[in-house]
There are 2 protein chains.
Amino acid sequence: MNGKEAPRAAGQVSTRTRLERGRGALGPALELVHTGRAPTRAVLTSELGVTRATAGAVAAELEALGLIHVEPGSAAGAQGRPSHRLVVADDGPVVLAAQVHSDGYRAALVGLGGRIVATTPGCEIVDADPAQVIGSVVEAGAALLRDSGRRCAGAGLAVPSAVAEPEGNALNPLHLAWPIGAPVREIFEQRVSGAGLDVPAFTGNDVNLAALAEHRHGAGRGSRDLLCVATGHRGVGGALVLDGRLHTGSSGLALEVGHLTVNPEGGRACHCGSRGCLDVETDPLALLTAAGRTPGPEESLLAQARGLLSTEYADRLVRGAAEELIDRLGLGLAGLVNILNPDRIILGGLHRELLTADPERLRAVVADRSLWGRSGSVPILACTLDHNSLVGAAEVAWQPVLDDPLGALST
Amino acid sequence: MNGKEAPRAAGQVSTRTRLERGRGALGPALELVHTGRAPTRAVLTSELGVTRATAGAVAAELEALGLIHVEPGSAAGAQGRPSHRLVVADDGPVVLAAQVHSDGYRAALVGLGGRIVATTPGCEIVDADPAQVIGSVVEAGAALLRDSGRRCAGAGLAVPSAVAEPEGNALNPLHLAWPIGAPVREIFEQRVSGAGLDVPAFTGNDVNLAALAEHRHGAGRGSRDLLCVATGHRGVGGALVLDGRLHTGSSGLALEVGHLTVNPEGGRACHCGSRGCLDVETDPLALLTAAGRTPGPEESLLAQARGLLSTEYADRLVRGAAEELIDRLGLGLAGLVNILNPDRIILGGLHRELLTADPERLRAVVADRSLWGRSGSVPILACTLDHNSLVGAAEVAWQPVLDDPLGALST
DNA sequence: TGAGTTTGTTCAATGTCGGCACAAACTGAG
DNA sequence: CTCAGTTTGTGCCGACATTGAACAAACTCA
């Protein structure tokens, strides 16, 4: 108990320890390469706002970590010495991405840059128990991982439900027949570590994750205020990406846009108790019934609705139904524009098809019902990424590495 | 043209120059003192996450800049050596804050910590020309500044209109009889520099600025996702403060909540062409007419509505009118909660009075129409600051100093 | 082939911040 | 009143990321 031999450990320790620091610009640099905004070392230098010396050191360190490759030379055609190309390492670590939706589940390995390295085929769900389903998809992903022999840096899961923060419970997995409040994050974390993976695991809403993926690798690139609205098989989801970060609100429930009123004169009854909600007015079932079709059991509602739009759009009834949905969707988007003032809107699922069917009509409705200035003429684009929820699940799994490559990979 | 004598200046210069850097933690430290979150040097140390040595150096530098005072000792009652108190300098710089609303204008000098150092009485508007009005309020502020003899660090103006970014035009100054699109920022900047003040000048919407002020010094302290809704004399405004920063959207038009539909069964006609908008259903005029009163010309509508609530709330007709407005307001807030998922809501203007009249009713409506989890039980509080728009105008004027004290004050 | 341009590399200098030791200022018990 | 215990302020040194500048390398164009 001699003070000299046992100096107090709790003296004036700062919150940031040495280990988790690493080189300061390492994270931002990796994010620039990851999102394709730094194709060469020269633009990395200017994007980071540092000297060439620092950028060189940072790039070298990322290469030493096995995350990127620095490829010298390459005839650029421009004047001066060609800059080294920065590319994502094709033999680097991957993350395990998983998605569950009302029609099935899928697992994949995703590298930096949003590249899907390997994927399982879509599997059907045979059990309504969330622990079973999540266990299956994690197992499928772990099998992919074993086959690939690559290092795993994290795991992410996309579910078709709002996920409450900070608990990680699925609050409305209505179309999965899961119990309300199912602890999906806890289940996923358990299954991931149960599969022998000692990596951080994240769970999020599928539309949120899709928006994140589109922001980094798809139609949302470069946007600072990105609004994403999508309908999958049933119901409508929304997401907002602000300054490159997903905005999920204080408890993960932001952008639950399904119950915006878009049919003031009544409309279809919604399970929320109200009528004319975006959820029931613009989803695949709404299109089918508006077109006078009775949905069959052989295909998913989304597939049937898509088929209707692509093959029978000339039909007067189908076209009328589509225009009705477009008007309703436009009303909902205009309401969101007045509140959020995004600089870009991207649409996924059936909404994507509605946009491509008649982009002018949708844009006109949004502009007409938005109030002032340029907010009404916000660009509306279609999602461009395949499996964007899956890639989004990978994005959140990558995030710790993007924030602090040295710290996340040293463990 | 000798390369040796004239070295290229554009070599590998980084974007951050030496002058605008200053000590790294200087800005965060000043913000902590400014918002009252660092009353002593000890908590400054822990809040910044640095060592005592660094915190001491930072505090000393802020004192050398004349922004704060470091007062040694002060019997704290607790164990150990009492920590030096950090207080805002009462002889330091001030900013010029100005506000224009439909009833008049006011100028003030505001120090750090949101302290109003001096203020003009409320002045009536005699001219509908924005340049005249803004000129008058700047002149009044400049006179205050001359009398005080203190240094001016910036200027801010609050206007009752959406302000489009990046131009700074007032898009809906309807109740001021200003032309739509009046270049208020340009006018304000011109008048400020015309008054001999070589300081940055900022212009914003009054509710936005009020929300910022409440976040830093009032009912919004500590909130990470703050929603503010307020009605002044006519119309309803909203604001969102995310992580301490005002969220104005991509072109300054976010949170234009006035045209949310809150009366689905028709309701009053709004100038936007629709019916049942929040704007016309919950403003002072709506209360007066719902209570069967014809507004008189002697007082402002807000004052008359406030008077009605405070003196005649026992009246069946008045109470019924108030409850109708509360239900409509609750419907609007619930819609915003579903989209934004704030962790706190604060209400200003007449909405504040409606909340205090029957808080339970309002909270019940919001909870009933919000969808899941805790998002519906979000705390709803009344604004607490006097002149919060004025203090908010000061906040944006202070912002450059808070971001980089050394750079902002060295010029 | 050489001038001009742009980029990568090396290295010393700089400034910030962490870690440590010690002094200072208070409380509370005997 | 004194002394142990606790918490905070200060001075000093070292680690280290980053700058700045000089120089080499790689390409285009005349």
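Heavy atoms only: backbone and side chains are in, while hydrogens, waters and symmetry mates are out. This structure is a prediction, so every number in the text was calculated from the model and none was measured. Chain A is the first sequence line, chain B the second, and so forth, proteins listed ahead of strands; every chain is numbered from 1.
- Close to C:dG8, at under 4.0 Å from its OP1 or OP2, lies a side-chain N or O of A:Ser83.
- Minimum atom distance to the side chain of A:Pro82 is reached by D:dC27, of the listed D:dG20, C:dG19, D:dC27.
- Each of D:dG20, D:dT28, C:dT9 was ranked by its minimum atom distance to the side chain of A:His84; first place goes to C:dT9.
- Annotation: of the two residues near DNA chain C, B:Gly80 and A:Arg41, the 5′-most nearest-nucleotide partner is A:Arg41.
- For the pair B:Arg85 CZ and C:dC26 C1', the computed distance is 15 Å after rounding to whole Å.
- Exactly one residue among A:Thr35, A:Leu385, A:Val241 makes a side-chain contact (heavy atoms from CB on, under 4.5 Å) with A:Arg216. That residue is A:Thr35.
- A donor-acceptor distance shorter than 3.5 angstrom exists from the side chain of B:Thr384 to the backbone of B:Ala219, with no hydrogens or angles considered.
- When the side-chain nitrogen and oxygen atoms of A:Thr54 are compared with OP1 and OP2 of D:dT18, none of them lie within a distance under 4.0 Å.
- The pair A:Asp386-A:Arg115 does not meet the salt-bridge criterion, since no charged nitrogen lies less than 4.0 angstrom from a carboxylate oxygen.
- The separation between A:Arg52 atom CZ and D:dA22 atom C1' is 11 Å, rounded to whole Å.
- Under 3.5 Å, the side chains of A:His215 and A:Glu395 contain no donor-acceptor pair of N or O atoms.
- One can place CG of B:Leu44 at 16 Å from C1' of D:dT10, the figure rounded to the nearest angstrom.
- Remark: A:Glu165 engages A:Arg185 in a salt bridge, criterion side-chain N to carboxylate O under 4.0 Å.
- Out of D:dG11, C:dT27, D:dG9, the shortest distance to the side chain of B:Ala53 is found at D:dG11.
- Looking at B:Leu402, B:Leu44, B:Val43 one by one, the single match for side-chain contact (heavy atoms from CB on, under 4.5 Å) with B:Leu32 turns out to be B:Leu44.
- A heavy atom lying under 4.0 Å from DNA chain C marks none of the residues of residues 63-70 of chain A.
- Across all strands, A:Ala25 comes closer than 4.0 Å only to sugar-phosphate atoms, never to a base (heavy-atom distances).
- Considering only side-chain atoms of A:Gln79, the nucleotide from D:dC29, D:dT6, C:dT7 that sits closest is D:dC29.
- Between A:Arg81 and B:Val58, the residue anchored nearer the 5' end of DNA chain C, judged by the nucleotide with its closest heavy atom, is A:Arg81.
- When the P atom of D:dA17 is taken as reference, atom CG of A:Leu406 falls 9 Å away, rounded to whole Å.
- In this structure, A:Leu86 places its CG atom 12 Å from C1' of C:dG8, rounding to the nearest Å.
- Salt bridge annotation for B:Arg224-B:Asp343: absent, with no cationic side-chain nitrogen under 4.0 angstrom from a carboxylate oxygen.
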